[in-house]
Amino acid sequence: KAGVTQTPRYLIKTRGQQVTLSCSPISGHRSVSWYQQTPGQGLQFLFEYFSETQRNKGNFPGRFSGRQFSNSRSEMNVSTLELGDSALYLCASSLETTETQYFGPGTRLLVL
Amino acid sequence: QKEVEQDPGPLSVPEGAIVSLNCTYSNSAFQYFMWYRQYSRKGPELLMYTYSSGNKEDGRFTAQVDKSSKYISLFIRDSQPSDSATYLCAMDTGRRALTFGSGTRLQVQP
């Protein structure tokens, strides 16, 4: 079974731009969560989607948003990029019946 | 104070050693406990998942959870150079919003 896939793998943007990241969960997984990983703050929860609905949200500004499609694929958008948004953005998927989350390889975003 | 505390290391051990990795937490609502391994520039890989207090074994890995002390551990037996990575503990209240420790960097010397 294929794992979680994320595209693109690397991205360079400049301050003020916006970016959209994509995540395809493991087949059959309907819950998708997003995390930000930085050297200073570590791994932090952004939000979680299930059946196209955001169920949980972490402590991030409104510039960070996401959505989920009917096929469970998810996108994450960051508007008005700041230098501090440079990070590895990780997507994880899980079955509804378990809390075990499986991570993708991440998208490494560099904001200049 | 962070909800989950984890010694960042680095921890350096010789090949074949038993490795002990630990995390403490303060949130009594955490019910699910996981250990992930992360190689440089890769996504975290799930190693162990536990729900209740006690021990769980899988191959060379043993996870321990002590909810009364708010303390979890991961033991790696017969450590190998390929085990060199960052080990992250993660916890969840059931909301699928994992709270991670800062990670312990492990180096197994051949």
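Quantities reported herein were computed from a predicted structural model and do not represent experimental measurements. Atoms considered below: every heavy atom in the structure, side chains included; atoms not considered: hydrogens, waters and symmetry mates. A note on names: the letters A, B, ... follow the listed sequences, proteins ahead of strands, and every chain is numbered from 1.
- The environment of A:N71 atom CG is dense: over 12 non-hydrogen atoms of other residues, nucleotides or ligands sit within 6.0 angstrom.
- The CZ atom of B:R96 sits 16.0 Å away from the OH atom of A:Y49 when rounded to the nearest 0.5 Å.
- One hydrophobic cluster, built from ILVMFWY side chains closer than 4.5 Å, holds both B:Y87 and B:L11.
- Looking at A:Q41, there are no atoms closer than 4.5 Å to chain B (heavy atoms on both sides), in backbone or side chain.
- With rounding to the nearest 0.5 angstrom, the CZ atom of B:R95 is 11.5 Å from the NZ atom of A:K57.
- For residues 6-112 of chain A, the set of pairs meeting the disulfide bond (SG atoms under 2.5 Å apart) definition, not counting sequence neighbours, comprises A:C23-A:C91.
- Counting only heavy atoms from C-beta outward, the side chains of A:L43 and B:P44 approach each other to under 4.5 Å.
- Residues forming a side chain to side chain donor-acceptor pair (under 3.5 Å) with A:Q18 (at least two apart in sequence, or on another chain): none.
- With a 4.5 Å cut-off on non-hydrogen atoms, B:Q38 touches chain A through its side chain but not through its backbone.
- Annotation: A:R15, atom CZ; neighbour count of heavy atoms from other residues, nucleotides and ligands within 6.0 Å does not exceed 12.
- A distance of 11.5 Å separates OG1 of A:T100 from CE of B:M48, quoted to the nearest 0.5 Å.
- You'll find the side chain of A:Q101 stays beyond 4.5 Å of the side chain of B:L46, heavy atoms only.
- Residue B:Y51: no heavy atom, backbone or side chain, is found under 4.5 Å from chain A.
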Please step through ring pair (Phe, Tyr, Trp, His ring centres under 6.0 Å) for the pair B:F100 and A:Y35, ending with a clear verdict. CA-CA 10 Å; B:F100 283 85; A:Y35 295 82; 5.8 Å; yes

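- Summarising the geometry, atom CZ belonging to A:F103 is positioned 5.5 Å from atom CG belonging to B:L98; distances are rounded to the nearest 0.5 Å.
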